[in-house]
Amino acid sequence: MDKIGIVDAVNSWFGTAARDLPWRDPATPAWAVLVSEFMLQQTQVERVLPRWTAWIERWPTPAALAADPPGEAVRAWDRLGYPRRALWLHQAAVEIAERHGNRVPSAVDDLLALTGVGPYTARAVAAFAFGERHPVVDTNTRRVIARAVHGRAAAGMPAARDLDDMAKLLPDDPAAAAVFNAAAMELGAIVCTARAPRCDVCPIAEWCEWRGSGYPDNAPAKRPKQARFEGSDRQARGRVMAALRAAHGPVTRAAALAAAAPDPSPRDPAQAERAVSSLLSDGLIVAAGDALRLP
DNA sequence: GTCCAGGGCA
DNA sequence: TGCCCTGGAC
């Protein structure tokens with residue numbers, strides 16, 4: 001493996017292929033970077049952009065968000081999906097305001113201690129907001145390393161090994177390391193994709209162990225099949241949340257149940273009740289007398 | 001129509 | 001290990 005060749009090729013490819021995203025601007029405050037990473041955990045860039053812009057305009061600091069009720073965060077989250085993350089981001093803002101003097105911490109351990117911040121987000125913020133040299137590994141990076149370095153078609157289960165692999169590739173210079181972290185993710189996202197890799201336009205095709213050994217399919221993707229969304233509890237929960245976001249005040253329990261199950265003859269009559277009770281236990285909705293509202 | 005991606009939590 | 005949501009790819 002030619003480490004220098006790979007790093008230089010990926011970074012210069014990134015210089016031409018990378019989109020001009022506002023959170024990549026070096027002047028972007030750490031708080032805005034943290035918000036972008038929360039949103040990008042689960043959502044494509046195109047959908048995140050308008051929500052992110054509105055969010056940091058409305059809540060330019062952690063304390064500003066912490067001063068509003070969490071339900072406002074859930075409403076502003078809109079349809080980004082996984083609305084528990086809006087609650088977690090609000091809680092993280094409270095923790096930053098209270099424990100860190102309204103300044104996003106730069107140490108990975110401090111970041112990891114924040115609600116909703118895991119190994120990926122902690123290192124992403126340390127690297128991209130503070131310029132620290134850390135391996136930042138998401139599933140795209142893991143796939144790129146599995147193929148280019150290990151000659152495997154797909155990454156295995158996430159492991160500490162992934163961080164070691166990326167750390168070995170990282171340039172010594174922190175700024176170049178930050179670029180490589182972002183570039184490797186981008187390469188995996190748009191070129192070295194899971195299903196249809198575009199090796200013809202890959203900047204590191206000449207070094208790729210997987211390509212060099214004839215694309216062995218030695219990783220039969222044992223990913224558990226995702227449950228269908230149509231008719232799922234998740235869909236029912238999403239419908240209740242949409243109704244609560246649209247209503248600017250409490251809605252009756254009956255209305256929430258009706259929103260959960262618009263089908264007049266649902267196959268699973270208990271599903272609406274499950275949706276409401278699980279949302280209550282997640283704290284995404286709260287009881288207000290006989291009605292329900294955002295927290 | 002079906003399948004898939006995405007990080008963190010319990 | 002299973003669950004959370006949505007929209008886009010196939």
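Quantities reported herein were computed from a predicted structural model and do not represent experimental measurements.
Nearest-nucleotide assignment on DNA chain C puts the 5′-proximal partner with Ala227(A), out of Ala227(A) and Ala242(A). Comparing Thr43(A) and Trp88(A) by the nucleotide of DNA chain B that holds the closest heavy atom to each, the one mapping nearer the 5' end is Thr43(A). Comparing Pro83(A) and Ala196(A) by the nucleotide of DNA chain C whose heavy atom lies nearest to each, the residue mapping closer to the 5' end is Pro83(A). Take the nearest nucleotide of DNA chain B for Gly116(A) and for Leu40(A): the residue whose nucleotide is more 5' is Leu40(A).
The residues Asp233(A) and Arg237(A) are annotated as not salt-bridged, no charged nitrogen and carboxylate oxygen being separated by less than 4.0 angstrom.
At whole-Å resolution of the value, CE in Met185(A) and C1' in dG6(B) are 13 Å apart. Separating the CG atom of Leu80(A) from the C1' atom of dG8(C) is a distance of 15 Å, rounded to the nearest angstrom. Note: CG (Leu114(A)) to P (dG8(B)) measures 12 Å, nearest angstrom.
The residue Phe38(A) sits apart from the nucleic acid: no heavy atom pair falls under 4.0 Å. At a threshold of 4.0 angstrom between heavy atoms, the contacts of Ser232(A) with the nucleic acid are absent. Residue Leu279(A) is classed as having no contact, given no heavy-atom separation below 4.0 Å to the nucleic acid. Asp282(A) comes within 4.0 angstrom of nothing in the nucleic acid, heavy atoms only.
Put simply, Arg228(A) has a side-chain N or O that comes within less than 4.0 Å of OP1 or OP2 on dT2(B). Put simply, Arg79(A) has a side-chain N or O that comes within less than 4.0 Å of OP1 or OP2 on dG7(C).
Proximity of Leu65(A) to Trp55(A): side-chain heavy atoms (C-beta onward) are separated by under 4.5 Å at one or more points. Side chains of Val45(A) and Trp23(A) form a contact here, defined as non-hydrogen atoms less than 4.5 Å apart.
At a cut-off of 3.5 angstrom, counting only N and O atoms as typed in the model, there is a donor on one side and an acceptor on the other between the side-chain of Tyr82(A) and the base of dG6(B).
No side-chain N or O of Gln41(A) forms a donor-acceptor pair with one of Glu37(A) less than 3.5 Å apart.
The side chain of Arg143(A) lies closest to dG6(B) when the candidates are dG7(C), dG8(B), dG6(B).
Linking Ile, Leu, Val, Met, Phe, Trp and Tyr residues whenever their side-chain heavy atoms come within less than 4.5 Å leaves Trp59(A) and Val33(A) in two separate clusters.
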